[in-house]
Amino acid sequence: MMLEQALKKWFGFTDFREGQKEVIEALLKQQDVFSMLPTGTGKSICYQLPALLAEGITIVVSPLLSLMEDQVQQLKSKGIKQVAALNSFLTEQKRKEVMASIHHFKLMYVSPEMLQQPSVLTLLRSQKVSYFVIDEAHCISQWGQEFRPDYLRLADVRKQLGTPPCLAITATATKDVQDDIKRRLRLHEATNIVYSVDRPNIAMMVERYHSTKEKLQALITFVKNLKGPGIIYFSSRQWTEKISYALREAGIDKVSHYHGGMSNEDRILIQQQFMEGQLSVICCTSAFGMGIHKPDVRFVIHFHYPTQLASYVQEIGRAGRDGRKSIAILLYSQEDKGIPRSLLDLELPSEQEIDAYIQAVMNVSRLTKEQEEQIRIISGGSETSWRQLKYLLEERGIMKGTEVRRFSADAIKAELRNHVSQRRAEKQQQLTEFERWIHSYSCRREKLLAHFSEALQSRPPHCCDNCGVTYQSYQKRKEEGEEKKSDWKTILAQLFHQSEGGAS
DNA sequence: CGACATTGATTTAAATCAATGTCGGTGCTTTAAT
């Protein structure tokens with residue numbers, strides 16, 4: 001009773017959605033929680049409500065600055081003012097203000113990197129931390145090792161904060177990823193609140209082509225005919241621009257592109273225009289997606305495919321958040337087999353990078369930021385490679401802060417090379433599994449769920465190409481006449497899905 | 001792996017072709033020293 005009242009008071013809802021109450025009750029009992037809730041169930045309320053009910057401050061680790069800003073805005077618009085994000089958006093002045101008035105806040109959004117700042121950690125240590133929350137927790141597993149190692153340091157941060165109850169929450173994680181998250185966060189006795197990743201209203205198709213040219217032709221036809229709005233994924237920035245231009249040339253308007261190399265202003269602008277319907281097709285890299293809560297995306301097309309099935313599931317999951325009929329189409333051509341393979345290679349340090357870094361570190365007893373930067377520039381390694389290697393050395397007790405302990409260079413070189421080549425093999429294995437899914441002739445939904453250690457409960461009416469789905473019923477409505485016949489079917493199907501979504 | 005650009009060698013001395021090189025994604029943080 002009391003929880004419903006609190007929900008009504010702060011958020012204006014009368015009922016909880018699937019899973020929310022379970023998570024909240026477990027947190028209130030001071031349990032650690034791992035939770036996987038389907039997209040669109042309101043994951044943030046799971047920690048916002050306990051945060052408001054608790055004494056002290058709740059720390060929410062979030063992967064993107066834009067996500068933090070979004071959440072803070074949303075809460076403020078509901079009249080909840082004791083919220084802040086502590087990040088590099090803030091001017092130094094503002095940041096000092098926030099830090100000085102830390103005890104006023106109930107919720108504080110931070111990046112994992114920010115939690116490595118000694119000043120921030122010291123400040124938070126002086127507070128009573130009610131909960132430690134990791135939003136989009138799959139980032140720990142997906143980004144932690146190669147891209148953002150500070151995600152792997154969160155367990156230590158939590159310990160320093162007095163080990164408050166922890167919530168790790170995400171929408172998509174395979175069994176392996178779930179285990180990895182719990183292991184990395186040292187959540188050995190977490191309460192698991194896990195629901196299906198299946199999205200019955202998203203049909204899946206794979207279309208094969210002999211060449212990229214053919215594929216481009218097909219893409220134009222799809223985009224011309226499919227009911228939008230839609231998202232098209234690419235694995236290169238250049239391609240997003242090129243194809244967005246090509247689509248406009250082909251007479252499709254309201255198309256633009258989005259990738260990580262664009263300025264912040266452009267990115268925000270494009271995102272807003274898409275949200276508000278001024279744009280209906282976005283050609284983008286994987287930079288576009290997290291934090292895009294547009295409910296009526298009708299199609300997601302992959303012009304290039306990502307490096308693993310889990311990423312694919314996340315990306316197609318941006319369709320049909322309103323529960324209505326949507327479609328995911330992967331355009332396959334043998335010609336782009338090399339792209340995901342090269343991307344995998346790119347994210348791991350080369351043997352030369354390993355050797356150069358170890359050699360450089362071996363010759364110093366302290367490694368300051370400037371030294372590190374110099375070494376990096378001279379030996380030409382990538383920023384992410386250095387960060388990975390630095391983390392690996394820390395993990396092995398060789399580095400601590402700027403301090404370097406003595407070690408046997410040859411042994412460590414061999415160990416790191418070995419470690420990296422194992423990671424490479426794991427990643428290649430995941431890619432192969434995904435490719436097997438792409439080339440499969442049996443039900444895609446069943447296979448996808450099997451990858452997430454789930455069994456298909458009931459086959460939805462529009463399942464996948466291997467179950468007979470074609471893209472015809474996802475086309476724009478044509479003028480009058482013959483289309484009317486299929487219309488009532490479409491409407492029925494939509495109603496059916498809606499009520500299904502609402503009841504569960 | 002493969003598309004595309006650049007370089008180099010050849011003959012049609014201004015254009016052609018082969019060989020070689022390059023590029024392909026995700027984000028946070030910038031608090032020097034006296």
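We use all heavy atoms of the structure for the numbers below, so side chains are in, but hydrogens, waters and symmetry mates are not. Labels below follow one simple rule: chain letters A, B, ... track the order of the sequence lines, proteins then strands, and each chain is numbered from 1.
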Report task. Indicate, with a heavy-atom threshold strictly under 4.0 Å, whether A:His304 touches base, sugar-phosphate, or nothing. Result -> nothing
Requested in this report: Using whole Å, report how far NZ of A:Lys242 lies from P of B:dG24.
Outcome: 12 Å
Query raised in the report: Within the pair A:Gln117 and B:dT30, is there a side-chain N or O less than 4.0 Å away from OP1 or OP2?
Result: yes
Requested in this report: Look at all strands and tell whether A:Met290 reaches a base, only sugar-phosphate, or nothing, counting heavy atoms closer than 4.0 Å.
Outcome: nothing
**Report entry** d(CD, A:Gln238; C1', B:dA5) in whole Å
**Finding:** 11 Å
Query raised in the report: Between B:dG27, B:dG24, B:dT30, which nucleotide gets closest to the side-chain atoms of A:Ser342?
Result: B:dG24
Report task. Would you indicate which nucleotide in B:dT30, B:dG27, B:dG25 comes nearest to any side-chain atom of A:Glu347? Result -> B:dG25
Report task. In whole angstrom, give me the gap between the C1' atoms of B:dT6 and B:dT26. Result -> 31 Å
Query raised in the report: Aromatic rings A:Tyr312 and A:Trp437: how do their planes relate, parallel, tilted or perpendicular, breaks at 30° and 60°?
Result: tilted
Query raised in the report: Between B:dT29, B:dC4, B:dG25, which nucleotide has the shortest distance from any of its atoms to the side chain of A:Ser236?
Result: B:dG25
Query - Gap between atoms CG and C1', on A:Leu431 and B:dC1 respectively (whole Å) - result: 12 Å
Query raised in the report: Under 5.5 Å between ring centres and under 30° between planes: true for A:Trp143 and the base of B:dT26?
Result: no
Query raised in the report: Are OP1 or OP2 of B:dG27 and a side-chain N or O of A:Arg267 less than 4.0 angstrom apart?
Result: yes
Query raised in the report: How would you label the contact of A:Glu383 with the nucleic acid (heavy atoms, under 4.0 Å): base, sugar-phosphate, or nothing?
Result: base
Report summary line: Here the distance between atom C1' of B:dC4 and atom CD of A:Glu335, to the nearest Å, is 13 Å
Report task. Identify, between A:Gly338 and A:Leu346, the residue whose nearest nucleotide on DNA chain B lies closer to the 5' end. Result -> A:Gly338
**Report entry** Pairing partner (Watson-Crick or G-U wobble, both distances under 3.5 angstrom) of B:dT30
**Finding:** none
Query - Contact under 4.0 Å: A:Ser235 side-chain N or O vs B:dG25 OP1/OP2 - result: no
Query raised in the report: Are any of the side-chain heavy atoms of A:Glu394 and A:Lys400 separated by less than 4.5 Å?
Result: no
**Report entry** B:dT10 versus B:dA14 - spacing of their C1' atoms, nearest Å
**Finding:** 12 Å
Query raised in the report: Is the shortest side-chain N/O distance from A:Arg95 to OP1 or OP2 of B:dT30 below 4.0 Å?
Result: yes
Query raised in the report: Counting any heavy atom closer than 4.0 Å, what does A:Asp150 reach on the DNA or RNA strands: base, sugar-phosphate only, or nothing?
Result: nothing
Requested in this report: Give a yes-or-no answer on whether the side chains of A:Asn87 and A:Glu69 include a donor-acceptor pair shorter than 3.5 Å.
Outcome: yes
Report summary line: In Watson-Crick or G-U wobble terms, with both distances under 3.5 Å, the base opposite B:dG2 is B:dC23
Query raised in the report: Taking the chi torsion of B:dA9, is it syn (within 90° of 0) or anti (everything else)?
Result: anti
Requested in this report: Give A:Pro112 one of three labels, base, sugar-phosphate or nothing, depending on what nucleic acid heavy atoms sit under 4.0 Å from its own.
Outcome: nothing
Query - Syn or anti for B:dT6 (syn when the glycosidic angle lies within 90° of 0) - result: anti
Query raised in the report: Between A:Arg423 and A:Glu426, is there a salt bridge with N-O shorter than 4.0 Å?
Result: yes
Report task. State whether A:Asp32 and A:Lys182 are salt-bridged, where the test is any N-O pair (Lys NZ or Arg NE/NH1/NH2 against Asp/Glu carboxylate O) under 4.0 Å. Result -> no
Query raised in the report: Within a radius of less than 6.0 Å around NZ of A:Lys337, do more than 12 heavy atoms belonging to other residues, nucleotides or ligands occur?
Result: no
Report task. Could you please name the option among B:dG24, B:dC4, B:dC28 that lies closest to any side-chain atom of A:Ile339? Result -> B:dG24
Query raised in the report: When the P atoms of B:dG8 and B:dT12 are considered, how many whole Å apart are they?
Result: 23 Å
Query raised in the report: Below 4.0 angstrom from OP1 or OP2 of B:dC23, is there any side-chain N or O of A:Arg237?
Result: no
Report summary line: When rounded to whole Å, the OH to C1' distance for the pair A:Tyr258 and B:dT26 reads 11 Å
Query - Any strand: nucleotide that pairs with B:dT10 via Watson-Crick or wobble, under 3.5 Å - result: B:dA15
Report task. Answer yes or no: is there a side-chain heavy-atom contact under 4.5 Å between A:Ile412 and A:Val361? Result -> no
**Report entry** Spacing of the P atoms in B:dT7 and B:dT11 (rounded, Å)
**Finding:** 22 Å
Report task. Could you tell me whether A:Lys294 and A:Asp296 make a salt bridge, using a distance below 4.0 angstrom between a side-chain N and a carboxylate O? Result -> yes
Requested in this report: Determine: side-chain N/O of A:Thr212 to OP1/OP2 of B:dG2, distance under 4.0 Å, yes or no.
Outcome: no
**Report entry** Minimal non-hydrogen separation, A:Pro50 against A:Ile45, with atom names
**Finding:** CD-O, 3.8 Å
Query - Residue A:Gln93 excluded, over 12 heavy atoms near CD under 6.0 Å - result: no
Query raised in the report: Looking at DNA chain B, which of residues 281-288 of chain A put a heavy atom within less than 4.0 Å of it?
Result: A:Thr285, A:Ser286, A:Ala287
Query raised in the report: If the P atom of B:dT30 is compared with that of B:dT34, how far apart are they to the nearest Å?
Result: 22 Å
Requested in this report: Scan A:Ser311 against the nucleic acid and name what it touches under 4.0 Å (heavy atoms): base, sugar-phosphate only, or nothing.
Outcome: nothing
